[in-house]
Amino acid sequence: MTKKILPIVLGAALGVAATAANATTLEDVKAKGFIQCGVSQGLPGFSNPDAQGNWAGLDVDFCRAMAAAVFADDTMVKFTPLSAKERFTALQSGEIDVLSRNTTWTMSRDTQLGLNFAGVNYYDGQGFMVRKELGVSSALELSGASVCTNTGTTTELNVADYFRANNMPYEIVAFEKADEVVAAYDAGRCDVYTTDASGLYAQRLKLTNPGDHAVLPEIISKEPLGPVVRQGDDEWFNIAKWTLNAMINAEELGVTSANVDEMKSSDNPSVKRLLGAEGAFGEAIGVSNDWAYNIVKLVGNYGESFDANVGPETPLGIARGVNALWSDGGVLYAPPVR
Amino acid sequence: MSVQEQDTAVQPQRASLLNDPKVRGLFYQTVLVLALVWFGWTIVSNTLANLERQNIASGFGFLETTAGFGIIQALVDYSETSSYGTALLVGFFNTLLVAAIGIILATIIGFVLGVARLSNNWVISKLAYCYVELVRNVPLLLQIFFWYFAVLRAVPGKRDKWSFFDTFHLNIAGLRGPRPVFEEGAGFIGYAIILALVAIVFIARWASKRQAATGQQFPVFWTGLGLLIGLPFIAYLAAGMPVYFDYPIFVETGPMLRRGFTLGTGFNVIPEFLALTLALSLYTASFIAEIVRAGIQAVNRGQTEASHALGLRSGPTLRLVIIPQAMRVIIPPLTSQYLNLTKNSSLAVAIAFPDLVSVGGTVLNQTGQAIEIIAIWMAVYLSLSLITSAFMNWYNQRMALVER
């Protein structure tokens with residue numbers, strides 16, 4: 001018996017050692033035929049499953065765009081719902097290929113966790129929501145309040161900083177799942193619910209009486225949210241970075257999913273380069289030259305994605321505001337394809 | 001064996017070293033140990049290499065970095081400016097608190113239920129039976145959710161309360177009561193309690209010696225209780241009443257946010273703690289009840305009859321004859337239940353109680369030190385379990401049947 005077990009054990013050990021010397025993420029993704037994308041456990045407008053179980057949202061669109069760039073098919077992506085606490089470990093361990101889960105870009109996350117932020121797909125800031133009956137009109141009146149939030153978020157740290165800086169006592173109740181935070185706030189366990197402002201608007205829809213709650217005017221932090229990949233794989237990092245840049249550039253150049261076919265024969269050299277009619281920019285990042293064409297055709301440009309998921313026409317009703325293009329007074333500015 | 005000996009006897013020249021079972025055994029075991037060492041070394045070096053390659057910092061240096069997040073319940077001094085190490089310590093003490101209170105409650109409830117299950121009273125025995133079957137067959141996580149989301153969310157909101165005896169108040173923010181504040185001189189009360197405990201030990205020894213020698217009994221329990229209450233009370237009076245109570249302040253007028261209990265007044269048991277402790281102790285109690293019943297039933301019926309024949313009534317029979325013998329059967333499985341309760345307390349993470357796993361998870365997320373945090377978790381739970389079982393084994397040996 002010993003004789004038979006030993007080779008198996010040794011084989012297993014060797015197998016472990018062999019997978020450690022892994023292929024690049026792009027090769028892995030191509031081999032398995034889909035991108036594993038980490039998303040939230042349900043945040044309307046950003047990543048939320050519909051009644052049929054199809055994921056939709058701004059963050060989901062980014063992953064679909066990556067699939068469109070790599071496979072020319074935006075459906076070749078699978079989603080892993082992750083709690084705030086689980087997300088980085090899932091990416092570090094290789095369980096997911098890209099994390100697109102309303103994650104704030106901070107220095108420590110970028111430098112100490114072995115991760116790379118591929119850009120910003122939504123500029124957010126942290127806000128507070130309270131019951132209207134409390135008669136509170138400013139966050140500075142919240143001294144002595146109990147605050148519900150998520151564990152393992154920058155939110156948890158910001159709220160501590162804010163109350164400390166303003167010398168206000170408070171009580172923090174931190175849950176792991178966003179749904180539990182909302183339920184606790186809805187039940188009256190806390191006076192205040194704090195998260196990113198976009199999240200407040202999204203979660204307010206889930207409350208029993210959304211009309212009874214108000215978002216306070218203070219925005220207490222900078223929360224640039226963006227997709228994240230593992231450090232040490234520049235090829236995959238480039239694809240993620242330029243998928244986002246392509247979506248923003250497409251909006252700037254007026255390329256939409258509706259007119260992308262006509263635009264392919266446009267005279268504008270910038271459009272030609274973006275859509276692969278000129279140059280070999282796709283090949284340089286390891287995908288086909290019509291990568292950006294596929295992204296816009298199958299998913300749309302950034303503006304289309306924004307309007308469809310969180311824009312004024314949706315239940316969330318968020319204005320473009322700071323998330324408008326730089327040319328429209330916002331801060332979205334993508335480097336050119338050249 | 002015998003076949004082998006015969007072989008050697010008949011053909012001694014063919015017994016090569018390779019056929020010696022001892023040598024072969026030694027060889028295989030050495031290979032196995034080497035393989036295990038190599039396997040472990042591969043995992044460790046592989047992990048380190050991967051961490052290095054992905055630029056993930058490793059080591060326990062992060063424990064001294066400022067944590068920056070708040071914790072709702074801390075038994076040690078903690079603020080946002082404390083270190084991650086202190087935050088973990090807060091979580092550790094919260095785990096200990098839940099485990100200690102849970103174990104005490106579960107033991108008391110479990111023993112009462114176990115005895116009730118064997119009661120001659122039909123109603124009591126069936127009630128205990130129903131309780132055990134209901135509670136031990138529903139998953140613990142659901143029971144925690146039941147207490148937290150169903151029961152403790154059905155109580156009045158933050159601006160309202162249910163009061164008991166005008167001293168304790170329950171609402172969605174927890175159970176509030178007076179908080180004892182110790183002033184200078186309160187230490188004497190502590191000394192008085194220690195003195196009372198020492199005195200009780202001496203009295204108990206003296207009483208059992210006297211009973212063995214003369215047969216006369218002494219009311220140890222009532223004397224002990226009197227000492228334990230009386231001595232600290234005398235010390236309290238003698239030291240000039242150094243303890244007063246800080247009552248929670250309930251505001252009913254003024255701005256809406258200020259109404260309800262004022263933060264930091266009185267003593268507050270947060271609902272997350274209440275729900276977790278209740279669920280853990282009630283759940284474990286149902287198992288302990290069955291263990292106690294098994295223990296009592298394991299004692300031969302003849303023991304009861306013999307005890308009755310000696311003229312002992314039911315109470316002393318249970319206390320002096322049945323329970324001491326039943327304890328030998330009860331203690332080993334009881335130890336497992338204590339260990340289970342301690343480990344199950346990690347389910348706190350589901351209802352926002354800041355225990356070791358919950359706080360550790362936050363630290364893990366803020367620092368990204370997954371391997372280090374998981375190592376700390378494992379080390380803490382392992383040590384807690386080993387300490388508990390070491391204590392219970394010692395107690396078991398004391399209670400074991402001493403053969404003469």
If we define contacts as heavy-atom pairs under 4.5 Å, which of [options] has the most with chain B?
{"options": "L157(A), T151(A), L113(A)", "result": "L157(A)"}
{"options": "S143(A), A84(A), A183(A)", "result": "S143(A)"}
{"options": "R230(A), R87(A), Q92(A)", "result": "Q92(A)"}
{"options": "A145(A), A184(A), S93(A)", "result": "A184(A)"}

[Y] backbone acceptor or donor facing [X] side chain under 3.5 Å:
{"X": "R109(A)", "Y": "T104(A)", "value": "yes"}
{"X": "D97(A)", "Y": "Q36(A)", "value": "yes"}
{"X": "S47(A)", "Y": "S40(A)", "value": "yes"}

Under a 4.5 Å cut-off applied to non-hydrogen side-chain atoms, are [X] and [Y] in contact?
{"X": "E272(B)", "Y": "V173(A)", "result": "yes"}
{"X": "F250(B)", "Y": "H169(B)", "result": "no"}
{"X": "I35(A)", "Y": "V98(A)", "result": "yes"}

For the pair Y193(A) and Y185(A), name the ring-plane relationship: parallel under 30°, tilted 30 to 60°, perpendicular over 60°.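 Tilted, since the angle between the ring planes falls between 30° and 60°.
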To the nearest 0.5 Å, what is the distance between OG on S83(B) and CZ on F62(B)?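 Those atoms lie 10.5 Å apart.
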Using non-hydrogen atoms only, which part of [X] is less than 4.5 Å away from chain A: side chain, backbone, both, or neither?
{"X": "F353(B)", "value": "neither"}
{"X": "D160(B)", "value": "neither"}
{"X": "L152(B)", "value": "neither"}
{"X": "T81(B)", "value": "both"}
{"X": "I72(B)", "value": "both"}
{"X": "A350(B)", "value": "backbone"}

Looking at A370(B), A173(B), G157(B), which makes the most heavy-atom pairs under 4.5 Å with chain A?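 Of the options given, most contacts go to A173(B).
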Between E141(A) and chain B, which part of the residue has a heavy atom less than 4.5 Å away: side chain, backbone, both or neither?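 Looking at E141(A), just its backbone touches chain B.
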Where does Y170(A) contact chain B at under 4.5 Å (heavy atoms): side chain, backbone, both or neither?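 Interface part for Y170(A): both.
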